[in-house]
> 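Mind looking over this structure? Questions follow.
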Amino acid sequence: MDFQSSVGKLSSPLKDLVLSVTQNGTQHVGKQETDARAVVDWIAQIAQGELVKEAGFKTLDAQLVPKTYLVSNYLTAADVALYGALHPTVSKSELPQHFAHPSVTRYFDHIQSCAPVRTAADALAPAFAPVVFDFTRAPRVERKTEAPKKKEKKPLTAEALEVSAAVAVPSEGRSSAQEGKAQKKEKKDAAGLKDDAGGKKKGGGPAKAVAADDGEPVPSMIDLRVGHIVDIMKHPDADGLYVEQIDIGEETGPRTVVSGLVNYIPIEQMRDKYLVAVCNLKPASMRGVKSFAMVLCATSKDGKDAGIELIQPPANSKPGDRVYFEGSDYEDATPLVQLNPKKKIFETIQPGFITLDAKEAAWVNPVTKSVHRIRTKDGVCVAPTLIGASLS
């Protein structure tokens, strides 16, 4: 079955929505042949109707737990079809039912907020009117944690083990030869290495000299890049820590990153995820494992127990894509090669990090109150569900 045939089995206005977003099947139908086949299979399954009935939400919820999108790591026609098919049921559900199936709710809210979906849905109003979720009234999720393992060596204090949700302590985990290559590459990047197209950095803007850390800390001193988790495991000597291998587009291979997210994000929801990494913190060791980056996360305004989420880059992002702050003062600025921990640059900037009403990640200048969204060349980075959350 091809794409047009599978879409033809959908009823209107759902079929109209899918064709509108995909521009009659010319976009969002799969970048690779395997993805395109998966899109067709999903649409055929959605057309049958059982998957999107409220009675089938338990099964669908389980399928969506590890997924941001149905196919690969970008929006496809399969997501548009599932969103549209879910809309009649989700829009009529009462508040408790929304949180009885949290992955369905989280997925639905994310897809309805995607720009091409929202534009097409608004044009077909009122069939696909936005559904507003009051996440502040979500029940607290009770998470079971494993009993601490007995260790021969003296355990660290609770304060020492506490790792901020997104503060995945920086680390290396690479050979000295690899490390030397990485440092040389970062110095070249910081110096504004020009591309073949004629004197501009890959992030878009003219190349600039190496940044200095004198003066007041500014957000553009922080080196943010798109990362992709290619492997993850629990720390062998710390129950609350993950050890991740994160590809940030470097020739030397993935960086090892330690993050304190075990009690907040299940490992299944971390695997294969695209995220935003802070790449110029000083390497540090956590219980014998060194970390050479930090995972940027959103923490609910009601505290960690109310929710922690990975900040997500736009669809179609690639490892190593530059992430920057909107605004003429920051967009083309060069980050520092490495943040000096004594100057507490990240700690000074961090209180201004927040997610806006549209769940967009941003930094708010504490003096001018100006808002600077965090983005790549392809779009703004977001939290899946959290509004007014702090970032760290």
> With distance as the sole criterion, is a donor-acceptor pair present between the side chains of D61 and Y107 under 3.5 Å?
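No pair is found: no donor N or O on one side chain lies under 3.5 Å from an acceptor on the other.
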
> Can you tell me how the ring of H87 sits relative to the ring of F108, calling it parallel under 30°, perpendicular over 60° and tilted otherwise?
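Taking F108 first and then H87, their aromatic rings sit tilted (interplane angle of 30° to 60°).
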
> For residues V65 and R106, report the shortest heavy-atom separation together with the two atoms involved.
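Taking V65 first and R106 second, the nearest heavy atoms are O-NH2, 3.6 Å.
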
> Under a plain distance cut-off of 3.5 Å, with no hydrogens placed, do H228 and D272 share a side-chain donor-acceptor pair?
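Judged by distance alone, the side chains do pair up.
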
> Answer yes or no: is there a donor N or O on one side and an acceptor on the other, between the side chain of T119 and the main chain of A115, under 3.5 Å?
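Such a contact is found between T119 side chain and A115 backbone.
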
> Write down the atom of A383, the atom of E309, and the distance for their closest heavy-atom approach.
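That would be CB-OE1, 3.7 Å.
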
> Under a 3.5 Å cutoff, is there a donor and acceptor pairing between the side chains of T355 and E360?
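T355 vs E360: no donor-acceptor pair found between side chains.
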
> Output yes when K377 and E331 qualify as a salt bridge under the 4.0 Å nitrogen-oxygen rule, no when they do not.
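Answer for the salt bridge query: no.
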
> Quick one: CG on L336 to CD1 on I345, what's the gap to the nearest 0.5 Å?
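Answer for the CG-CD1 pair, L336 versus I345, is 5.0 Å.
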
> Does the plane of the ring in F57 sit parallel, tilted or perpendicular to the ring in H101? Use 30° and 60° as the thresholds.
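The arrangement is perpendicular - the two ring planes meet at more than 60°.
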
> Quick one: list whatever passes side-chain contact (heavy atoms from CB on, under 4.5 Å) with V40, sequence neighbours left out.
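Counting only residues at least two positions away or on another chain, V40 forms a side-chain contact (heavy atoms from CB on, under 4.5 Å) with M1, F3, S6.
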
> So that I can tick it off, tell me whether K359 and D109 are bridged by a salt bridge, with the cut-off set at under 4.0 angstrom between side-chain N and carboxylate O.
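Salt bridge present between D109 and K359.
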
> I'd like to know if D35 pairs up with R37 as an ion pair, taking the criterion as any Lys NZ or Arg NE/NH1/NH2 lying under 4.0 Å from an Asp or Glu carboxylate oxygen.
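So D35 does not pair with R37 through a salt bridge.
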
> Other residues, nucleotides and ligands only: do more than 12 of their heavy atoms fall within 6.0 Å of NZ on K58?
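Atom NZ in K58 is not packed in, count stays at 12 or less.
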
> Considering all heavy atoms of both residues, which atom of P88 and which atom of S91 are nearest to each other, and what is their separation?
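Looks like O-OG, 3.3 Å.
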
> Could you give me the CA-CA distance, side-chain angles and deciding distance for V131 and Q112, then say whether side chain to side chain contact (heavy atoms under 4.5 Å, CB included) is met?
CA-CA 8 Å; V131 178; Q112 77 168 349; 4.0 Å; yes

> What class does the angle between the rings of Y330 and W363 fall in, given that below 30° is parallel, 30 to 60° is tilted and above 60° is perpendicular?
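Judged by the thresholds at 30° and 60°, the geometry between Y330 and W363 is perpendicular.
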
> A cation-pi test, strictly: NZ or CZ of K31 under 6.0 Å from the centre of the six-membered ring of Y74 and no more than 45 degrees from its axis. Yes or no?
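Here K31 passes the 6.0 Å and 45° test against Y74.
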
> Please confirm whether the backbone N or O of I267 pairs with a side-chain atom of Y242, one donor and one acceptor, at under 3.5 Å?
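Pair found, side chain donor or acceptor close to backbone of I267.
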
> Using side-chain heavy atoms (C-beta onward) and a distance below 4.5 Å, is V80 in contact with T22?
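No, side chains not in contact.
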
> Going by atom types alone, do Q245 and T256 pair a side-chain donor with an acceptor below 3.5 Å?
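Yes - a donor-acceptor pair under 3.5 Å links their side chains.
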
> Within the distance-only criterion (no hydrogens, no angle test), does the side chain of N365 pair as donor or acceptor with the backbone N or O of S370 below 3.5 angstrom?
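Looks like no, no N/O pair under 3.5 Å.
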
